[in-house]
Chemist: 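Before anything else, here's the structure in question.
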Amino acid sequence: MGDPRISMINERLRRIRHIIAVSGGKGGVGKSLTASILALTLVRKGCKVGLFDLDFTSPSTHIILGIRGVQPKEEKGIIPPKVHSLEYMSIIYYTGDHALPLRGTDVSNALIELLSITKWGKLDFLVIDMPPGIGDATLDIIRLIKNIGFLVVTTQSQLAFETVRKLITLLKELNVPVMGVVENMKVSKSSISKRQVQKLGITFLGEIPFDKKIEKSMGRMDRLPRTVFMKKVEEIVSNLDFRC
Amino acid sequence: MHEWALAEAVITAASQIAEKEGLKEVTELNIKVGELQQIELDILNFALSQQKQNKFKNAKISIKIEKAKLKCRVCGNQWIFSREKLDKDSVEAIHFVPEIAHTFIKCPKCGSPDFDVLQGRGVWLESIRGVK
Ligand SMILES: Nc1ncnc2c1ncn2[C@@H]1O[C@H](COP(=O)(O)OP(=O)(O)OP(=O)(O)O)[C@@H](O)[C@H]1O
Ligand SMILES: [Mg+2]
Ligand SMILES: [Zn+2]
């Protein structure tokens, strides 16, 4: 007769208008940075935003946003704490700095568990930071979350783009909406990525240059909003015509 | 998993099944919970009794706990989970997300965190009875 947790998931997400999975075929292309800065940008526009770090084995968004010393509240479930005005959820509340080695089914189970116990507020956006590729976590959120849209991150590298092509093909086959592709860490003027994305019939959302200052801004809420990275994400968001 | 969230999930899932099977009233509900979930039975029973409404008002709910059996992928050793060796924070973390066990539990024979949970993880609705 099945797993009663699954029946709860969409009930838990019912009060969220848009769910955005920040994804990409390759590792290290800037998904976590994009997800974190996107969430921050939306919240500064006055939207109600949640950020969910679903990269259980390598969570990063808490480091980018300098989140520490907070814990969720227990109230007939788990209520994510508000940090920098974001409702923030991550496995680090439970693992701390310890390693969490997980195989595929464990990833699925942990994901189902967190989705079914987390009580989000009424949100305009829930941004999800995904692990790379089209493995368990990606297949699970496609399977479990109705109304999810993907924002895909790539780089100038042909290697990154080929994995993105596979991801997008899969999403199209499964009828999952793709909001568009962001090209990150741009160092030269080539427009190959843009053309390749458009050839797939997908919106090219914009470019983010390689930002030398980003490393020194990690975890620093006084510096992140002044980075070129954040300026570019703000531009991308304003073109997206998001309303709150 | 959190007891209240679990109770809510059980009632939600059971309602959907009762609906599908055309049950007017549910008389019996059997649930199995893995020990790795570290459920406080008293709290779960209380949470269920609070959420038992309408169709479920007279339902007899029974909960069976399944022992957690673990098997090391490196050396093949099998053992039964026990919370004795864990500190309070680790038990609490495992209670919320049982996969956190891979952070705090190691194979007692070889020390690897790479083990499978053979049984005792998760929650199942085993059976549901009622009148049409
Ligand atoms: N535009 C940029 N300019 C400079 N550095 C960047 C830029 N984008 C990302 N980085 C850096 O690249 C590294 C990888 O970024 P990030 O962790 O966001 O990638 P990811 O795609 O989430 O990786 P993973 O696949 O491991 O989850 C980080 O050190 C980040 O600071
Ligand atoms: Mg990442
Ligand atoms: Zn072993």
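Chain identifiers are assigned alphabetically (A, B, ...) following the order of the sequence lines, protein sequences preceding nucleic acid strands; residue numbering begins at 1 within each chain. Atoms considered below: every heavy atom in the structure, side chains included; atoms not considered: hydrogens, waters and symmetry mates. Note that the coordinates shown come from a computational prediction; the quantities given were computed from them, not determined experimentally.
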Chemist: Look at R103(A), R12(A), E75(A) and state which one has the largest set of heavy-atom pairs under 4.5 Å with chain B.
Modeler: R103(A)
Chemist: Identify, with sequence neighbours excluded, every residue that meets disulfide (SG to SG under 2.5 Å) alongside C47(A).
Modeler: C244(A)
Chemist: Scan side-chain atoms only and decide if T103(B) and Y94(A) contain a donor-acceptor pair under the 3.5 Å cut-off.
Modeler: no
Chemist: Using modelled atom types only, decide if a donor and an acceptor are shared between the side chain of S60(A) and the backbone of S58(A) within a distance under 3.5 Å.
Modeler: yes
Chemist: At a 4.5 Å cut-off on heavy atoms, which part of E8(B) comes close to chain A: side chain, backbone, both, or neither?
Modeler: both
Chemist: Can you tell which part of I78(A) gets under 4.5 Å to a heavy atom of chain B, answering side chain, backbone, both or neither?
Modeler: side chain
Chemist: Between D89(B) and chain A, with a heavy-atom cut-off of 4.5 Å, which part of the residue counts as in contact: side chain, backbone, both or neither?
Modeler: neither
Chemist: If you count heavy-atom pairs within less than 4.5 Å of chain A, which of I100(B), D116(B), I31(B), T12(B) leads?
Modeler: I100(B)
Chemist: Using heavy-atom distances under 4.5 Å, tell me whether L100(A) contacts chain B through its side chain, its backbone, both, or neither.
Modeler: both
Chemist: Under the side-chain hydrogen bond (donor to acceptor under 3.5 Å, both in side chains) rule, what pairs show up with a residue in residues 42-58 of chain B, not counting sequence neighbours?
Modeler: E25(B)-N58(B)
Chemist: Side chains of R73(B) and S112(B), heavy atoms from C-beta outward: is any pair under 4.5 Å?
Modeler: no
Chemist: Kindly assign one of parallel, tilted or perpendicular to the pair F125(A) and F242(A), based on the angle between their ring planes and the thresholds 30° and 60°.
Modeler: tilted
Chemist: Please look at A110(A) and chain B and tell me whether the side chain, the backbone, both or neither of the residue comes under 4.5 angstrom of a heavy atom of that chain.
Modeler: both
